[in-house]
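Because only heavy atoms are used, hydrogens play no part in the values below, and waters and symmetry mates are left out as well, while side chains stay in. These numbers come from a predicted model, not from an experiment.
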Amino acid sequence: MSANPGYHNRQALISSKIRSLFLALTNKPLEYNQIAPKIEYWIKYVLCERFTTIDELVEAVSHIAWNNDGSYANIGRFLKEFHDAPHRSEHARSFVAQLCLHVLQWFAIASLEDLWNRTNWGDSLVSIHGGESFIHAASSVGHLIEWGLLKIVRANAIYQLFIAAGNTLLQGLLEAEDVRVCFGMLDAQALTKKISGFDAAKLKELREIHAAWMQRKQEEEQGNVRDIEGLQAEGRDAVATEVETPIAFVSQYLPAAMIDGNVEIVCGDTVFRVHSTIVSFSSPNLRDILSQPALLRAQAPEGPPRITIPDSPEDFGILLKMIYTPGFPARHEVPEFTVFASLLRMTTKYGFFDVRDQLIKDLKSAYPTKWEDYRTAKVLGEDVFGSPKPHPNAVLNLFEVQNIRFAIPFAAYCASIGGFLALISDKPGTVLPRHTLATTIHGMHVLQSVASHVARVAAYEGKLWVCPNDACALNAGISPIEKKLEAMGKIYEAMVGQRKGGVLSTPSLEHLFCPKCTIDFGVAYAGSGSVLWEKLPSVFTVSHSWDGL
């Protein structure tokens, strides 16, 4: 059969037909009932008639898991019904099992750090099957789980996912309960014996990594703060903190009794003694907390009334510094990141909208929304917060939570520059939520794919090969052809390689080009950069355009 000159064309046509039928499945029952029998017929035809192998069919059909068309729920439903039909042959059931395993393996590969450092994007199977549709793949895998299809290959698939993607899938892409079930299945001796090349030491390492990450995450969520009753139960008192009040700020019209602090505010294990009149005067929200009825109901353990609020000591201390200290925070000057984050959270919560608006306004030059502003900015991204420089994930998390929408695309871009290992950081404050992680990965891949295309055009289409300088890689007279190909390869590698500033920054090619061509190339690349810039809001799924923000 393979000797037939039309065989391979026919194989591609039928594979395409099966894929199209899968993607034609919708949530409408009538259409599902009409299309499902056709899919079944063609799968049985190519398998039972030995038209193609199971591996070839899986490779051709697996594209459905990375496409944003069709219905993943109905694809899962069909595969489940097809596999469980009592008359189904083992040959056909094997197709479903291998397809599920194939999708999981590519999902794991699309999570790997080295994917983002490759230079052959256009030829990479991952580019076709995985990276650029990472979010769709997650949805596809979710529906395979929902229909119980992964039970068919579950132990082996889970093991391969853990080994391939390791920390990545453990930290954020699987829910905690999913991870618990996965470890339980892998621990079961009857299942692990079925896994080829099972490495118990590797599984132990993954368990320890995950346990440590979960502990850090729990400590972060709790803020390492225990309530005041717990401290008292241990026989320890909260730490009393006197807030020093600048005399110049105390109005001469305030009663003298209010100058020395007349109420205590408890934040975690810290007590702040403050002046109710000064603090209430600054914010209606604080005025409600420190109202006379509230003070009358408050406990007064051997001293002034004491009111407990849920803010962290660090956040509330920064708020009090702002209330008591004239000129803080300084206008047109972005504070150190931890201070900035505290101010942003507290001014939002307690209604200091003038201060909040000024903080956001001071950010705009470092998180531009126009290509021209990006090109002329002196400071960009997290560098605006000075030293210590924050992790870009922490900045992105803050902007997401505080809904600073205009800054999210560039903040996500900055987070993507560090690569996948930086994105899956498990340090306190840097763990990205699942959705943010997935969308940032997706955007990172799209931008790098476009940049790779630009590099291919510049290096291989020959439009730049006109320089008369013998020392320039763009010299039109380079010979023989091997030398010319070597020069083109160096240009391409320099353009797609890792560089400070990511794909938006002009690559450094001084070592390849003469001074004139270096300048000319920088101008040409700037045009490509503006195209990438316009894609930022959409590739990071914040908005269709900058105007939409």
Side-chain angles (χ1 to χ4, degrees), residues 14-67 69-108 129 136-162 174-175 177-178 180-182 184-186 188 190-196:
I14 294 180
S15 298
S16 175
K17 184 177 185 66
I18 294 174
R19 283 199 308 274
S20 298
L21 287 169
F22 265 115
L23 297 176
L25 290 172
T26 68
N27 291 316
K28 297 178 181 179
L30 182 61
E31 293 188 18
Y32 178 89
N33 294 335
Q34 290 175 342
I35 295 170
K38 297 178 182 179
I39 302 175
E40 180 177 0
Y41 168 79
W42 284 110
I43 292 176
K44 288 171 62 178
Y45 172 70
V46 298
L47 293 178
C48 296
E49 298 296 327
R50 308 187 71 81
F51 172 73
T52 185
T53 66
I54 291 176
D55 289 341
E56 288 171 335
L57 182 61
V58 165
E59 176 67 25
V61 173
S62 62
H63 292 240
I64 60 175
W66 313 94
N67 200 298
D69 298 323
S71 166
Y72 292 130
N74 278 340
I75 290 172
R77 173 187 168 186
F78 170 81
L79 292 174
K80 176 68 172 173
E81 292 175 352
F82 182 83
H83 179 275
D84 292 350
H87 61 279
R88 192 71 63 223
S89 69
E90 288 304 315
H91 197 55
R93 286 196 177 99
S94 180
F95 157 72
V96 177
Q98 289 192 41
L99 177 62
C100 293
L101 181 57
H102 188 81
V103 171
L104 282 169
Q105 287 172 329
W106 277 111
F107 183 64
H129 287 201
H136 305 313
S139 177
S140 174
V141 170
H143 284 292
L144 293 180
I145 294 172
E146 184 180 357
W147 283 101
L149 285 161
L150 299 192
K151 293 178 181 178
I152 303 168
V153 292
R154 194 173 182 91
N156 195 39
I158 290 168
Y159 176 71
Q160 291 197 36
L161 276 172
F162 278 16
L174 290 179
E175 296 287 0
E177 180 63 17
D178 296 335
R180 187 189 67 77
V181 171
C182 291
M185 297 187 70
L186 288 171
L191 289 174
T192 55
K193 284 183 178 178
K194 299 179 182 179
I195 298 176
S196 175

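A pairwise comparison of heavy atoms in Ala92 and Leu47 identifies CA-CD1, 4.1 Å as the closest pair. The two residues Arg93 and His83 have their closest heavy-atom pair at NE-O, 2.7 Å. Nearest approach of Phe22 to Ile75, heavy atoms of both residues: O-CG1, 3.9 Å. Contact between Val96 and Phe82 at its shortest, heavy atoms only, is CG2-CD2, 3.6 Å. Across every non-hydrogen atom of Phe95 and Ile54, the tightest pair is CA-CG2, 3.8 Å. Among all heavy-atom pairs drawn from Lys80 and Trp147, the shortest one is CD-O, 3.4 Å.
With values rounded to the nearest 0.5 angstrom, Thr53 atom OG1 is found 8.5 Å from His91 atom NE2. Remark: Leu25 CG to Ile39 CD1 distance equals 4.0 Å, nearest 0.5 Å.
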Task: Full working for side chain to side chain contact (heavy atoms under 4.5 Å, CB included) between Ile43 and Val61 - done: CA-CA 10 Å; Ile43 292 176; Val61 173; over 6 Å; no
- [ ] Determine, stepwise, if the pair Leu99 / Leu149 fulfils side chain to side chain contact (heavy atoms under 4.5 Å, CB included).
- [x] CA-CA 10 Å; Leu99 177 62; Leu149 285 161; over 6 Å; no
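In this view, Glu81 and Tyr32, Arg77 satisfy the side chain to side chain donor-acceptor pair (under 3.5 Å) rule, not counting sequence neighbours. Residues satisfying the salt bridge (charged side-chain N to carboxylate O under 4.0 Å, His left out) test with Arg19, not counting sequence neighbours, are none. Under the side chain to side chain donor-acceptor pair (under 3.5 Å) criterion, Ser20 pairs with no residue at all, not counting sequence neighbours.
In this structure, Tyr45 and Trp42 have perpendicular ring planes: the angle between them is above 60°, well past the 30° mark.
The closest donor-acceptor contact from the side chain of Ser94 to the backbone of Glu90 lies at 3.5 Å or more, if one exists at all.
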